[in-house]
Amino acid sequence: ELKVEQNPLFLSMQEEKNYTIYCNYSTTSDRLYWYRQDPGKSLESLFVLLSNGAVKQEGRLMASLDTKARLSTLHITAAVHDLSATYFCAVDRITGNQFYFGTGTSLTVIP
Amino acid sequence: DSGVTQTPKHLITATGQRVTLRCSPRSGDLSVYWYQQSLDQGLQFLIQYYNGEERAKGNILERFSAQQFPDLHSELNLSSLELGDSALYFCASSARQDPYEQYFGPGTRLTVT
């Protein structure tokens, strides 16, 4: 079974600081996804990364993918309080149509 | 608002009972996915339907079943409920057969007492 691990699990950061969330997966996957979940809410899709070296950015968030290292990163630039949420990565395997979520990273941005 | 609706929002029931969760996808979306989110297990993919047919199965228990109807809404049936089935159940929909662009519903919170 494909395993997806994120670190850190909990992240408390000050506003205006930069930080990175890491997502490791255990075997070859087809695509890498990032989602955001606000407390008590549903999931919101942030990025889909399709190939090695893919980089996507929106606002203060930038995601990248290194398929050789089986690693994706979600970089947060100059954090603001509105970014406080739990962030999940997920991977899928077209063969077998399976979809696996990471453990999640709970981000709190402190003024 | 993602356009995906789920009912009910909350459900409280006793062990051993059976419940049905309902999901209506976005207009035009043919795929429906079901997920379970709990403190113990995290987020898990349960099952996917595409245009009425089962397409993929994840960690779905034998006590659970699902179907997608001709109008594309889907139902997740949970039977012989156990305390450990207490969780948030999300559905998501997409236009494609793969989960490339999923839109998630607000979820149904199930509490088994």
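In the text below, chain A, chain B and the rest are named by the order of the sequence lines, each starting its count at 1. Side chains included, hydrogens not; waters and symmetry mates left out as well; all remaining heavy atoms used.
Using a 4.5 Å cut-off between heavy atoms, Y103(B) makes no contact with chain A at all. Neither the backbone nor the side chain of E101(B) comes within less than 4.5 Å of any heavy atom in chain A. Contact annotation for Y33(A): only side-chain heavy atoms (C-beta onward) come within less than 4.5 Å of a heavy atom of chain B. With a 4.5 Å cut-off on non-hydrogen atoms, S45(A) touches chain B through its side chain but not through its backbone.
In summary, the side chains of T105(A) and Q6(A) do present a donor paired with an acceptor at a separation below 3.5 Å, with no hydrogens or angles considered. Between the side chains of T20(B) and N77(B), a donor-acceptor pair is found at a separation under 3.5 Å.
When the side chains of ILVMFWY residues are joined at heavy-atom separations under 4.5 Å, either directly or via intervening members, F88(A) and L65(A) end up in two distinct hydrophobic clusters.
Taking every heavy atom of both residues into account, Q14(A) and A79(A) meet most closely at O-CB, 4.1 Å.
For the options K41(A), E44(A), Q37(A), heavy-atom pairs under 4.5 Å to chain B are most numerous at Q37(A).
Two residues are said to be in side-chain contact when any heavy atoms from C-beta on lie closer than 4.5 Å; Y35(A) and L43(B) fail this criterion.
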